[in-house]
Enquirer: 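Got a structure for you, written out below as structure tokens; questions coming shortly.
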Amino acid sequence: MNLKDKLSTLPKRPGCYLMKNKNGTIIYVGKAINLKNRVNSYFKGAHDYKTTKLVSNIVDFDYIVTKSEKEALILEYNLIKEYDPEFNIVFKDDKSYPYILVAEDKIPYVSVVRLKKNSKYKGKLFGPYPDVLAARNTVDLINKLFKTRKCQNLKKDLCLYYHINLCLGYCRYDVDDKECERIKDSITSFLSGDVKDVVNNLKKEMNDYRDTLNFEKAIECRDMINDIEHIILRQDVDLKNKESFDIFSYDYKDGYIAIVGLFIRDGRLLNSHHFIDYLIGDPQNFVTSYIYQFYNINPHPKKLYVDNDILPFLNEAFDSNVLTATRGHKRELLKKAKLNAMTFLEQNRSIIEKSENFNLDVKDEFKRIFNKDIRRIELFDNSHTAGKNTVAAMVVYEDFKPLKKAYRLYKLENGADDLKSMEEVLYRRYFRLIKDNLDKPDLIIVDGAKNQINVAKRVLSSLQLDITLVGLGKDEHHNTSYLMNDDCDIIEVRKDSNLFFFLTNMQDEVHRFAISYHRKLRSKSSIKSILDDVKGLGDKRKLILRRKYNSIAAMRQASLEELKEILPSDVANNLYNKLHEEEG
């Protein structure tokens with residue numbers, strides 16, 4: 001049945017449709033209230049850039065009828081997750097916002113968590129936070145203000161935090177239940193924005209320290225007050241009632257769409273979310289799919305306010321209340337979200353367009369060179385210092401964008417021999433790929449030329465893998481200069497071309513990733529080698545030192561008296577002498 005005949009058979013019922021290219025690959029999944037009208041609309045009239053590009057690649061389609069719009073929305077989400085179509089680009093990384101968890105345990109403990117579907121955390125959740133750094137800064141502030149358990153798991157003995165009066169010694173002492181509950185209630189109030197008592201107590205302490213000329217402690221109190229004002233107080237939206245809810249709105253123009261979310265918690269604007277991309281299909285379908293995907297990797301709010309035109313579809317799909325606002329503060333916030341979407345769209349659509357043009361140019365260059373479409377690329381690099389702490393890194397680009405969840409790090413055994421290191425990492429990577437039936441790349445890039453190419457060919461041959469392979473050749477200044485194919489033929493790349501910039505960026509990314517891991521191992525090795533030689537310094541004391549000083553350099557800057565505050569006098573002397581002996 002040809003495409004035209006197949007279109008005529010579509011039912012006027014809700015469901016999902018799966019667009020396919022000439023290879024039978026599913027390139028787009030959509031949902032519809034009326035399958036016949038929706039799918040036929042792709043092949044009638046003029047469309048914006050991205051939809052036109054999609055339609056030009058469609059040679060066939062399948063469809064699945066559902067009982068309701070809600071069922072279609074859920075099915076669409078699951079099909080996108082299963083097939084990862086090229087033109088469905090939202091939420092591929094499944095990365096949720098960070099939250100702060102106040103644990104349900106008797107002992108007060110707070111931590112940063114990212115919520116995954118079906119994940120169950122015992123305790124109270126606060127968030128979402130703008131990024132993990134903001135959440136960690138808030139947890140650090142709580143741990144300074146309240147005598148919480150700082151260790152992830154209780155230790156066998158008292159740690160540094162007890163000795164500096166930031167913990168009640170939960171590992172050794174049976175702390176009164178009422179005191180633990182009081183601390184947890186105070187933390188909950190603090191995260192809910194009730195910080196007045198905390199700030200007043202800090203101001204009193206600051207004044208007391210100042211009066212006794214203890215200016216160092218007074219400065220600490222002042223800094224904590226400033227942190228509270230920066231982290232907790234700045235987000236008020238002047239709501240009369242301390243409600244918690246989310247708001248989503250959108251705007252679209254000239255083939256682009258922007259979506260903005262505002263997250264109100266206890267009357268405070270805690271965070272906002274922005275998204276922009278090309279628009280495929282009608283905007284209401286796009287936005288409802290986007291919001292549904294968003295709340296499959298983030299907790300549902302008790303209430304969600306949206307624009308009136310997307311309300312019916314979402315109201316059926318969510319257990320929480322989906323509403324629209326016609327007056328009052330919520331209406332003003334909905335207008336604010338709409339205005340932010342309009343502004344974000346206007347400011348950023350040119351960036352999207354330039355990025356798309358760049359990626360298309362790179363894609364065309366790869367197709368010219370390899371005579372096939374390149375979608376997934378894996379690039380490898382090694383790092384070591386005089387044969388020690390040898391590591392390798394793999395970065396993955398999909399559709400010419402970094403796919404960071406697929407990045408991998410490897411600790412290697414083969415020392416300073418770069419070729420053996422390359423052989424080891426490639427074998428480990430692609431043996432695992434076969435064993436676990438992972439996605440094969442369209443292109444493998446090794447950081448090197450003829451020798452590295454030959455090693456990679458040998459590994460792929462031993463595993464009976466047929467994957468396109470190239471190496472990045474360098475000039476006399478060790479800069480990327482050309483590509484080399486698996487026949488060791490040089491492929492010239494113009495240094496003013498987008499392909500050259502893309503390859504250089506990839507090389508910088510894998511080098512950064514490898515070096516950061518190598519430095520981490522080297523730092524741990526450095527700390528271990530020095531501390532192991534200090535008499536009287538056991539594992540527990542090393543742990544205390546590493547928590548207070550995160551590097552050898554920081555330990556060297558500490559005075560003998562400061563070391564004696566956390567170590568016995570003779571051990572502190574031994575460590576001080578060893579540190580400065582190594583320095584000399």
Enquirer: Should the heavy atoms of other residues, nucleotides or ligands under 6.0 Å from CZ of R376 be counted, would the total exceed 12?
Expert: yes
Enquirer: Could you check whether any side-chain heavy atom of L279 comes within less than 4.5 Å of a side-chain heavy atom of K50, counting everything from C-beta outward?
Expert: no
Enquirer: Measure the shortest side-chain to side-chain distance between I26 and M19 over non-hydrogen atoms and say whether it is less than 4.5 angstrom.
Expert: no
Enquirer: Mind running side-chain contact (heavy atoms from CB on, under 4.5 Å) on I445 and F380 for me, showing each step along the way?
Expert: CA-CA 7 Å; I445 303 178; F380 297 84; over 6 Å; no
Enquirer: Is the ring centre of F294 less than 6.0 Å from the ring centre of F248?
Expert: yes
Enquirer: Decide yes or no for T324 and Y305: does some side-chain heavy atom of the first lie under 4.5 Å from some side-chain heavy atom of the second?
Expert: no
Enquirer: When the ring planes of F263 and Y97 are compared, do they come out parallel, tilted or perpendicular, using 30° and 60° as the limits?
Expert: perpendicular
Enquirer: Can a donor-acceptor pair be found, under 3.5 Å and without considering hydrogens, that links the side chain of D282 to the backbone of N285?
Expert: yes
Enquirer: Applying salt bridge (charged side-chain N to carboxylate O under 4.0 Å, His left out), which residue pairs with at least one partner in residues 497-517 are found, sequence neighbours left out?
Expert: E509-R512
Enquirer: To the nearest 0.5 angstrom, please state how far the CG atom of L379 sits from the OH atom of Y407.
Expert: 9.5 Å
Enquirer: Hey, are K20 and D62 close enough for a salt bridge, meaning a charged N less than 4.0 Å from a carboxylate O?
Expert: yes
Enquirer: Carefully, step by step, assess V306 and L334 under the rule side-chain contact (heavy atoms from CB on, under 4.5 Å).
Expert: CA-CA 7 Å; V306 297; L334 195 56; 5.7 Å; no
Enquirer: Is it the case that atom CG in D496 sees more than 12 heavy atoms from other parts of the structure closer than 6.0 Å?
Expert: yes
Enquirer: Please determine whether a side-chain nitrogen of the Lys or Arg among D442 and R375 lies less than 4.0 Å from a carboxylate oxygen of the Asp or Glu.
Expert: no
Enquirer: Do Y295 and D246 pair up side chain to side chain, a donor and an acceptor below 3.5 Å, judged on atom types alone?
Expert: yes
Enquirer: Is a side-chain donor-acceptor pair under 3.5 Å present for K372 with T468?
Expert: yes
Enquirer: Just checking, K363 and F400: is the charged tip under 6.0 Å from the six-membered ring centre and within 45° of the axis?
Expert: no
Enquirer: Testing the 3.5 Å rule here: is there a donor-acceptor pair between the side chains of Q284 and Y250?
Expert: yes
Enquirer: Do V260 and T343 touch side chain to side chain, with heavy atoms closer than 4.5 Å?
Expert: no
Enquirer: Could you tell me whether F502 and Y397 have their ring centroids closer than 6.0 angstrom?
Expert: yes
Enquirer: Side chains of D447 and Q507 only: does a donor on one sit below 3.5 Å from an acceptor on the other?
Expert: yes
Enquirer: Do the non-hydrogen side-chain atoms of Y430 and I444 ever get within less than 4.5 Å of each other?
Expert: yes
Enquirer: Taking all heavy atoms of A72 and all of G15, pick out the closest pair and write down the distance.
Expert: CB-O, 3.9 Å
Enquirer: Which pair of heavy atoms, one from P98 and one from A135, lies closest together, and at what distance?
Expert: CB-CB, 4.1 Å
Enquirer: At what distance, to the nearest 0.5 angstrom, does CG of L426 lie from CG of L433?
Expert: 12.0 Å
Enquirer: For Y17 and Y42, run ring-ring contact (aromatic ring centres under 6.0 Å, His included): C-alpha distance rounded to whole Å, both residues' side-chain angles, the deciding distance at 0.1 Å, then the answer.
Expert: CA-CA 12 Å; Y17 51 92; Y42 285 97; 5.7 Å; yes
Enquirer: So I80 and P85, do their side chains get closer than 4.5 Å, heavy atoms only?
Expert: yes
Enquirer: Do the side chains of E243 and R265 get close enough for a salt bridge, i.e. N-O under 4.0 angstrom?
Expert: no
Enquirer: Of all the heavy-atom pairs spanning A514 and D381, show the shortest one and how long it is.
Expert: CB-O, 4.3 Å
Enquirer: Would the distance check show the side chain of T504 and the main-chain N or O of F500 forming a donor-acceptor pair, the cut-off being under 3.5 Å?
Expert: yes
Enquirer: Check the pair D399, N359 against side-chain contact (heavy atoms from CB on, under 4.5 Å), reporting the backbone distance first and the verdict last.
Expert: CA-CA 8 Å; D399 296 326; N359 291 343; over 6 Å; no
Enquirer: Are the aromatic rings of Y99 and F126 close, with centres under 6.0 Å apart?
Expert: no
Enquirer: Give a yes or no answer on whether the side chain of T52 reaches the backbone of H47 with a donor-acceptor pair at less than 3.5 Å.
Expert: yes
Enquirer: Taking NZ, NE, NH1 and NH2 as the nitrogens, is one of them in E492 or R494 under 4.0 Å from a carboxylate oxygen of the other?
Expert: no
Enquirer: Hey, could you give me the CZ/CD1 distance between F344 and I257, rounded to the nearest 0.5 Å?
Expert: 12.5 Å
Enquirer: So which heavy atom on V65 is nearest to which on L35, and how close?
Expert: CG2-CD1, 4.1 Å
Enquirer: Does any pair with a residue in residues 21-36 pass salt bridge (charged side-chain N to carboxylate O under 4.0 Å, His left out), and if so which ones, sequence neighbours excluded?
Expert: K31-E76
Enquirer: Between S244 and I264, is a side-chain contact (heavy atoms from CB on, under 4.5 Å) present by the stated rule, with each step listed?
Expert: CA-CA 5 Å; S244 296; I264 314 300; over 6 Å; no
Enquirer: Is the number of heavy atoms from other residues, nucleotides or ligands under 6.0 Å of Y63 OH greater than 12?
Expert: yes
Enquirer: Taking all non-hydrogen atoms of both residues, which atom of V139 and which atom of S111 are closest, and how far apart?
Expert: CG2-C, 4.3 Å
Enquirer: Given the side-chain rings of Y292 and Y77, with only the six-membered ring counted for Trp, is the space between their centroids under 6.0 Å?
Expert: yes
Enquirer: Check whether F61 forms a cation-pi arrangement with K6 (NZ or CZ under 6.0 Å from the six-membered ring centre, at most 45° off the ring normal).
Expert: yes
Enquirer: Quick one: pull up OG in S249 and CG in D307 and give me the separation to the nearest 0.5 Å.
Expert: 3.5 Å
Enquirer: According to salt bridge (Lys or Arg N to Asp or Glu O under 4.0 Å), who are the partners of R349, at least two apart in sequence or on a separate chain?
Expert: D254, E346
Enquirer: Hey, is NZ on K53 packed in by over 12 heavy atoms from elsewhere, all under 6.0 Å?
Expert: yes
Enquirer: Using 0.5 Å steps for rounding, measure from the CG atom of N143 to the CD1 atom of I187.
Expert: 7.5 Å
Enquirer: How far does CG of N21 sit from OG of S56, to the nearest 0.5 angstrom?
Expert: 10.5 Å
Enquirer: Side chains of N485 and L469: closer than 4.5 Å at any heavy-atom pair?
Expert: no
Enquirer: Would you indicate whether the side-chain heavy atoms of L472 and V446 approach each other to under 4.5 Å?
Expert: no
Enquirer: Would you name the heavy atoms of I247 and A337 that are closest together and state the gap between them?
Expert: CG2-CB, 3.8 Å
